[in-house]
Amino acid sequence: MVGTHSASGSQIPQSPNRVDPDADILHGLARGRPGALNQLMERHLAAIKSSALYMLGDEMMAEDIAQEVFLRAWKQAPNWQPGKAKFSTWLHRVAKNLCYDRLRKKKEAYTDAVPDIVDRRPEALQTLAARELHSAQKTKIEHALDTLPERQLMAITLCHYRDMSQIEAAEIMEVGVRAYESLLARARKNLRDQLSRHKTELLDE
Amino acid sequence: MPQNKTPEHNQRKKRPERNDMPENTINMRRLQDLMDTYGANMGRWPHEERRLARLWFEQHPDEAQTLFTKAKELDQLLDTARPPETDISFLQARILKAASNTPQDIMTLSGVRAANDDVSRIGKTGTEKTGTEKTGALATWKSVAATLIMTTGIGIGIGQVAAADTTYESAEALLSISIQNDYDEFDLNGEGL
């Protein structure tokens, strides 16, 4: 039965528009039932992993992020009480924050890998060469997406790749709908500006 | 004392917002704005504007074609970066295994009650067991600690979390509490949005 429970255990009726579709699953998850975690993953794991993959461009990292999201859901489910946001919104927010962290570390690591003083040890040269090879192999689109600020990248991911509504995407990003639209418009403009000189080449491929 | 807006602010070019137009109308400028923001796929547009947009397109097919063609170009390019769907069954199994070794946190009274329901169902929790029973043993110890925390008020608990560091871990804990208790963001850190 879908519903919410107060601390005293009595059921609180919710308005139809605010019933969390995962309410029953959360009930089981709060009681430590692995079957409930499995059900939650069947509903949301693909979407979470997919969003992380679009943000990070690396499948292993995306899987690590997805695992972390669901382990946190498992750990904190006993504390969950239905409120304004759906549980799935919370899942996506956690994934978003973990992705932002990884993106920042990725940029720091890339910066660190290009030393001011050339390190001529074989292993260092191998790393630099591998990065250059990887960079050359990436598509121009991925390059353009990589250069977007993380919030613009998240906005594009949620809209174009996840087909999320404005309201849901804005909730995940913890901004108002207008701010979300502004991020999305700026992201698309930045991509158009970067890609315009490669447009003919890409569309002819 | 409220600040008066500067002349520069008032003269700033405004984007065509939905609220600037009369009800049940849409114009080309707004449609261009929607294309620039969401792309050519109207399924991604704000729901309330799709019907009006369709009506306008039916009445202005040539202009519509121009708008769509330009927006579709970027959509097609973005689609080329879409990675293929992969099988997640292995990842799912990996997460289940990791969860079996991860105890659940219990911070609130409802969590304590849920844990105590499990404990009373399982029985004596002195022995070390795996899975739910292990969670139950942990819950008993934590239920006492959680009750003590709850008697001093959840606000102090939040203050303690907020006074810690600013990593995403603590921010996530705050967010979790705020969603549960319908706090708005202003309450969490004392600053405006």
Side-chain angles (χ1 to χ4, degrees), chain A residues 5-7 9 30-34 37-38 41-42 45-46 49-50 53-54 59 63 66-67 70-72 74-85 89-90 93-94 97-98 100-101 139 141-142 145 156 159-161 163 165-166 174 178 181 184-185 188-189 191-192 195 199 202-203, chain B residues 15 17 33 36-39 41 43-44 46-47 73-83 85-86 88 91-92 94-96 98-100 102-115 117-118 131-132 135-136 139 167-168 171-173 175-182 185 193:
Chain A
H5 294 268
S6 70
R31 278 147 180 78
R33 293 175 193 151
L37 179 60
N38 211 27
M41 286 196 286
E42 276 166 14
L45 177 57
K49 180 192 163 182
S50 179
L53 186 54
Y54 287 124
E59 185 156 9
E63 289 192 350
Q67 175 165 323
F70 284 90
L71 284 181
R72 291 188 188 196
W74 168 255
K75 282 171 66 175
Q76 294 177 24
N79 306 318
W80 180 263
Q81 290 187 21
K84 287 181 188 169
T89 301
W90 183 86
R93 281 185 187 172
V94 173
N97 290 335
L98 289 170
Y100 285 173
D101 274 345
T139 65
I141 298 290
E142 289 171 332
L145 287 167
I156 280 278
C159 176
H160 189 91
Y161 294 116
D163 289 322
S165 72
Q166 301 77 23
E174 300 168 79
R178 286 196 182 177
E181 288 186 333
L184 198 50
R188 289 182 68 94
K189 182 180 182 312
L191 287 172
R192 277 196 302 272
L195 293 168
K199 180 178 66 177
L202 284 164
L203 289 174
Chain B
R15 292 175 60 218
E17 302 291 356
D33 198 43
D36 288 344
T37 302
Y38 295 104
N41 184 341
R44 297 186 179 122
H47 185 80
E73 286 178 354
L74 180 56
D75 288 346
Q76 286 170 348
L77 292 172
L78 284 170
D79 284 341
T80 64
R82 188 185 296 271
E85 294 292 326
T86 56
I88 56 167
L91 175 60
Q92 201 165 335
R94 186 176 117 192
I95 295 171
L96 280 173
S100 69
T102 305
Q104 292 182 300
D105 293 339
I106 296 165
M107 286 164 53
T108 64
L109 192 57
S110 64
V112 169
R113 286 184 192 277
D117 286 346
D118 283 338
T132 311
T135 304
T167 61
Y168 278 124
E172 178 203 321
L175 175 64
S176 180
I177 294 168
S178 75
I179 288 175
Q180 293 160 24
N181 295 285
D182 287 356
E185 292 182 45
L193 288 174

Who pairs with B:Asp36 by side chain to side chain contact (heavy atoms under 4.5 Å, CB included), at least two apart in sequence or on another chain?
A:Arg192, B:Gln32
Against chain B, label A:Tyr54 side chain, backbone, both or neither, depending on which of its atoms sit under 4.5 Å from a heavy atom there.
side chain
With sequence neighbours left out, write down each residue that passes ring pair (Phe, Tyr, Trp, His ring centres under 6.0 Å) with A:Phe70, or none if nothing qualifies.
none
Heavy-atom cut-off 4.5 Å, strictly under: side chain, backbone, both or neither for A:Glu42 against chain B?
both
Polar side-chain atom of A:Gln166 near backbone of A:Arg178 as donor-acceptor pair, under 3.5 Å
no
Answer with side chain, backbone, both or neither: which region of A:Leu53 has an atom nearer than 4.5 Å to a non-hydrogen atom of chain B?
side chain
Pair B:Asp79, A:His160: side-chain N/O donor-acceptor within cut-off below 3.5 Å:
yes
